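In what follows, a single structure is set out as structure tokens and then discussed.
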Amino acid sequence: MSRFSSSRRPAIIYGIVMWAISFVIAGFLIQLGGSIIADVPLSSAPIHQTDFVDQVAEETLNEKIAGLRVAQRDGARDVEDLQAKRAASEQEYLSARTSFDNWIKTRSATESQDQNPEVIARSQGLDALNAARNDARRELQAAQAGQLNLSRQEEDLHSEQSALHRAAYAPYQKALRAETLKIFLIRLLILLPLLLVSAWLIARKRQSAYWPLFRGFIFFSAFAFFVELVPYLPSYGGYFRSTVGLVIAGVAGKYVITAMRRYLEKKKSEESKTEAERRNMISYEVALKKMSSQICPSCDRSFGSKKDVISDYCVHCGFCLYNNCSSCDARDNSFHKFCGTCGTQKADLDLTASPSA
Ligand SMILES: [Zn+2]
Ligand SMILES: [Zn+2]
């Protein structure tokens, strides 16, 4: 708008207030909708993968593992005891051996024959100690092997357990998908009526005096759609979301194309009408707004830049843009109702000044 605004001042304020009211309505509706959604039992308890593990098999495994752990603890004590026993027998044998060796040495020095039976008895004693030492060693080794066996069994049980948990993955995923779909459908059920009403309002009520109120409702629906519905769209590996996006873009595209075609047809049919008929179809405010932006109010094409000398008639459709006052002959916007120079009412000028189409 260059020189002056075409709208009356209160009309401008009315427009601003109505936008504010639209937003306030949308804000309160969003709050109300949020409370409703929060109160609707949208989902049951959250699902976990552990819910799908075979409970009986899991318990049996846990019992077996617990049993093995007890056995391992007992086994560890036995190993400790046997280690002590082995060390003692080792010690006993070594000291007996040392004393025998010393005794043999002194005996060799004296060479007394009558000591033979004692040699036999002593070496028999030493043999017994050695046997006991070997037994203790074997016992310890057996106990250690037993422990190793137990820990291997436990490892096997643990891998059985993880196999059991892995088996739960597929049914868990399936249940998760079903749950996601259920939540989405419940939300859709709540929000679909809103979206349908909004679509109907946009299609039918744009010219209504109550449009600013409807506009608030439409903002609310749009918010609900993007915040309460879109994030809950089931993904199905991206297929579903992409498909929904494509459908929405397709519908929007078709709507825009149809609207544009309708607009062009309307303009074409307007251009075949007489200047007076065309002038009657244009509202005063809209005409002044378009004239100040140098757009022809009839055909919506630009009629020149500010540098150009602006002609009286639209070069595209022949519509009369500027004419001269019948009283003072000053050139003026053809939509002005009064001459800007002498103040004469121009009510009849439009028809007389127009060239016949
Ligand atoms: Zn034009
Ligand atoms: Zn005049």
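Counting starts at 1 for both ligands and their atoms, in listed order. Note that the structure is predicted; figures quoted are calculated from it, not measured.
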(message) Is there a side chain to side chain contact (heavy atoms under 4.5 Å, CB included) between D312 and L321? Walk through the geometry before answering.
(response) CA-CA 5 Å; D312 285 349; L321 303 169; over 6 Å; no

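- The SG atom of C317 and the SG atom of C299 meet at the Zn ion (ligand 1) at an angle of about 110°, given to 10°.
- Of all protein N/O/S atoms, those under 2.8 Å from the Zn ion (ligand 2) are C325 SG, C328 SG, C339 SG, C342 SG, and waters are not counted.
- Taking the six-membered ring for Trp and the full ring otherwise, the centers of F219 and F23 sit less than 6.0 Å from each other.
- With the Zn ion (ligand 1) as the vertex, atom SG of C296 and atom SG of C314 span an angle of 110° (nearest 10 degrees).
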(request) Kindly indicate, with the supporting measurements, whether the criterion side-chain hydrogen bond (donor to acceptor under 3.5 Å, both in side chains) is fulfilled by H158 and E154. (result) CA-CA 6 Å; H158 279 303; E154 197 186 334; 3.2 Å; yes

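- Aromatic ring pairs are classed by plane angle as parallel below 30°, tilted from 30° to 60° and perpendicular above 60°; the pair F214 and W211 is perpendicular.
- When distances to the Zn ion (ligand 1) are checked against a cut-off of 2.8 Å, H316 contributes no N, O or S atom below that limit.
- In K266, the NZ atom is not crowded: 12 or fewer heavy atoms of neighbouring residues, nucleotides or ligands sit closer than 6.0 Å.
- Contact detail for I190 and L194: the closest heavy-atom pair is O-CG, 4.3 Å.
- From R133, atom CZ reaches atom OG of S89 across 7.5 Å, with rounding to the nearest 0.5 Å.
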